[in-house]
Number of protein chains: 2
Amino acid sequence: MPVTIKDIAKAAGVSHTTVSRALRGHSAISAETTARIRKLAQEMGYTPSAVAQSLLAQRTRTIGLVITTTADPFTVQVVGGVEYVAQTAGYSVFLSSSHNDPDREIAVVETFHRRRVDAIIVTSSRLGSLYKSRLDKIQVPIVLINNQEEGEYLYSVAVDDVQGAQLGVQHLIELGHRRIGYVGLTNRPKSNRRRRQGYETAMKNAGLPLDPSLIFSPIPDHDIFERGHETLEQILQRNVTAVFCYNDLTAIGLSLACRDRGIAVPERLSIVGFDDIDAAMYVTPPLTTVHQPRFELGQLAMEMVLDLLNGQEVQDKTVACHLEVRGSTAPPAH
Amino acid sequence: MPVTIKDIAKAAGVSHTTVSRALRGHSAISAETTARIRKLAQEMGYTPSAVAQSLLAQRTRTIGLVITTTADPFTVQVVGGVEYVAQTAGYSVFLSSSHNDPDREIAVVETFHRRRVDAIIVTSSRLGSLYKSRLDKIQVPIVLINNQEEGEYLYSVAVDDVQGAQLGVQHLIELGHRRIGYVGLTNRPKSNRRRRQGYETAMKNAGLPLDPSLIFSPIPDHDIFERGHETLEQILQRNVTAVFCYNDLTAIGLSLACRDRGIAVPERLSIVGFDDIDAAMYVTPPLTTVHQPRFELGQLAMEMVLDLLNGQEVQDKTVACHLEVRGSTAPPAH
DNA sequence: CCCCGTAATGCACACGTGTGCATAACATCA
DNA sequence: TGATGTTATGCACACGTGTGCATTACGGGG
């Protein structure tokens with residue numbers, strides 16, 4: 001139904017070849033013919049079919065972006081970064097969510113492959129290690145952002161969890177805290193292990209003892225309010241003055257639980273989060289947290305994709321975090 | 001480079017026609033041939049090319065989704081709703097952002113048309129009225145979600161701003177407030193007018209006077225903290241006991257300004273927002289707000305698209321809001 | 001033995017675009 | 001005038017898939 005170059009050719013009394021060349025500015029076509037055809041195309045409302053071009057060029061200028069879910073506040077800005085770079089480079093982005101389900105993650109990748117995307121970007125992948133083997137079958141470069149799985153994979157961009165966590169814990173130590181807890185999360189095994197490692201490194205560097213009883217692991221199924229209360233219960237028994245949390249949602253849940261129980265933050269308990277989601281700024285007290293450059297992560301991933309498609313060598317990248325000091329941390333009361 | 005049906009045909013010693021039929025389960029192909037070819041396709045890692053199929057079928061099973069920006073907390077869940085329904089129906093979604101720039105909105109729609117998407121969904125469009133005329137050129141149905149522009153357009157899904165605002169103001173009236181302010185926003189003209197209309201209707205229904213000096217319009221360029229302080233200044237001069245705000249960000253800005261100035265919320269000033277963004281739950285006090293069913297809006301829009309593509313008649317839809325009563329509202333102090 | 005019906009498969013084209021090569025018209029030069 | 005070069009255009013094919021129609025083989029019935 002849309003106008004094709006054949007329609008224009010018929011209207012202009014030339015072959016479709018000439019139309020194609022005129023529109024692309026081929027030098028062999030006379031200036032007047034080119035002008036006439038372009039004007040005609042304009043009038044008839046011609047838009048070239050990217051589908052046909054893709055088929056011929058064996059390249060779609062399209063990438064697939066797999067996210068966990070739009071409900072995850074982390075994801076959103078990453079999408080923004082990817083889309084921004086993609087749009088600038090003339091690429092279009094397919095978006096689809098895996099809902100944290102490995103089967104759906106495979107299905108989504110499969111769909112993208114059917115669509116013949118030039119590359120795939122996956123956030124928080126649960127099966128990063130699988131791609132290496134699958135990649136022989138599908139000839140599509142896959143870049144992983146904050147891959148959650150150990151093992152072999154090809155390309156990845158990730159935030160420096162260790163450095164970020166270290167930053168947060170150092171801040172607490174500098175404030176004078178000595179008994180500092182770590183509140184983890186079990187359903188993000190890789191980054192949890194790294195952030196905990198950053199916590200431990202900071203403690204060791206400061207000459208503080210590592211007490212395993214100060215590592216807390218709330219049940220991931222419960223919502224953040226329940227988890228906050230459960231964790232707070234344990235924390236109070238351990239007599240810590242500050243905690244570093246795996247992420248902001250965990251930290252906020254804990255902070256709200258403190259409010260319920262009448263525990264003053266930061267006077268009685270200092271809390272540091274990780275991620276710097278929007279809500280971190282709005283809660284009371286505003287949350288001190290490790291800022292994760294989400295937009296930049298997305299940008300870097302897409303830039304890596306462009307490099308790959310240009311045939312350049314690429315290396316895995318990690319990007320540093322910085323600390324946002326707000327109101328949830330203070331020196332310990334004595 | 002990927003495996004095609006011709007490759008399979010060569011390997012099986014048949015024509016590509018037979019392969020195509022075998023894979024699609026055509027009855028004319030013998031059972032054993034079908035089995036043999038399917039097994040071969042499996043082994044060779046064949047994935048049909050959606051590009052080639054699209055070209056032939058003149059249909060891509062693809063839709064384009066235009067959002068303002070991923071930084072807008074409203075947008076995200078809408079994307080989730082659209083994507084959920086699309087994925088279930090076997091459609092893929094192109095995502096692109098307009099950054100609230102009409103020129104880019106046009107460019108994005110143009111790109112989608114080049115990609116031959118079957119339909120386009122636009123959130124918070126700035127040029128809804130333009131589509132009607134452009135639609136003659138591009139033969140693609142466009143569904144607008146919460147269109148921000150007056151004028152003619154074809155299909156739309158929108159939240160019932162009037163009903164939602166009425167709900168929020170009624171709540172304040174029922175609590176006993178009589179001098180109630182409205183804090184608007186000028187860069188969303190259509191929905192702002194409607195929400196204000198809901199405010200006025202609720203006031204009239206309760207027999208309360210409409211005082212134009214209780215309508216506040218902060219400068220949209222400033223960030224929410226500045227706007228909060230500026231608005232609060234005016235509010236305090238007017239002696240109101242409660243305000244209904246155009247959206248949650250405005251309400252939160254105001255609430256934070258109150259905290260700075262030592263104005264107790266809700267004891268001295270009750271605040272109602274609109275949208276129910278994530279942060280509304282986390283702020284202190286938690287914000288009473290009109291919940292906007294964002295995910296559902298996305299779902300409805302995509303379902304409307306599916307109806308359109310099935311050749312069914314569709315009608316514009318509005319969807320009702322409900323009130324989330326939290327901690328930022330209370331009876332007026334006397 | 002011939003005709004016809006049925007089963008299984010292939011040929012050729014279509015979808016919209018781009019490109020190598022051939023073709024045609026015309027100018028230039030020896 | 002004939003050979004060569006230049007300019008402008010068209011033919012035919014390719015990309016991967018699906019389908020109408022033709023073709024082939026075979027079996028059964030008269």
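Protein chains get the first letters and strands the later ones, always in sequence-line order, with residue 1 at the start of each.
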Starting at CG of Leu23(A) and ending at C1' of dT19(C), how long is that distance when rounded to a whole Å?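 That distance rounds to 15 Å.
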Reading nucleotides 10-18 of chain C from 5' to 3' and marking B where a protein heavy atom lies under 4.0 Å of the base, S where only the sugar-phosphate is that close, and - otherwise, the string is BBB-BBBBB
A side-chain contact here means heavy atoms from C-beta on lying under 4.5 Å apart; do Thr75(B) and Thr68(B) qualify?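 SC-SC contact between Thr75(B) and Thr68(B) confirmed.
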Please examine the side chains of Lys190(A) and Arg194(A), heavy atoms only from C-beta on, and report whether any two atoms are closer than 4.5 Å.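 Yes, close enough: below the 4.5 Å cut-off.
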Tell me yes or no: between the side chains of Arg115(B) and Thr62(B), is some donor less than 3.5 Å from an acceptor?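 The answer is no; no qualifying pair exists.
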Count the heavy atoms belonging to other residues, nucleotides or ligands that lie under 6.0 Å from CD of Gln42(B), then report whether that count exceeds 12.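 Open: at most 12 neighbouring heavy atoms sit under 6.0 Å from CD of Gln42(B).
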Select base, sugar-phosphate, or nothing to describe what Ser54(A) touches, counting heavy atoms under 4.0 Å on all strands.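 Touches nothing.
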For a side chain to side chain donor-acceptor pair (under 3.5 Å) check, start with the C-alpha distance between Glu83(B) and Ser96(A), then their side-chain angles and the critical distance, and finish with the verdict. CA-CA 7 Å; Glu83(B) 201 269 335; Ser96(A) 204; 2.7 Å; yes
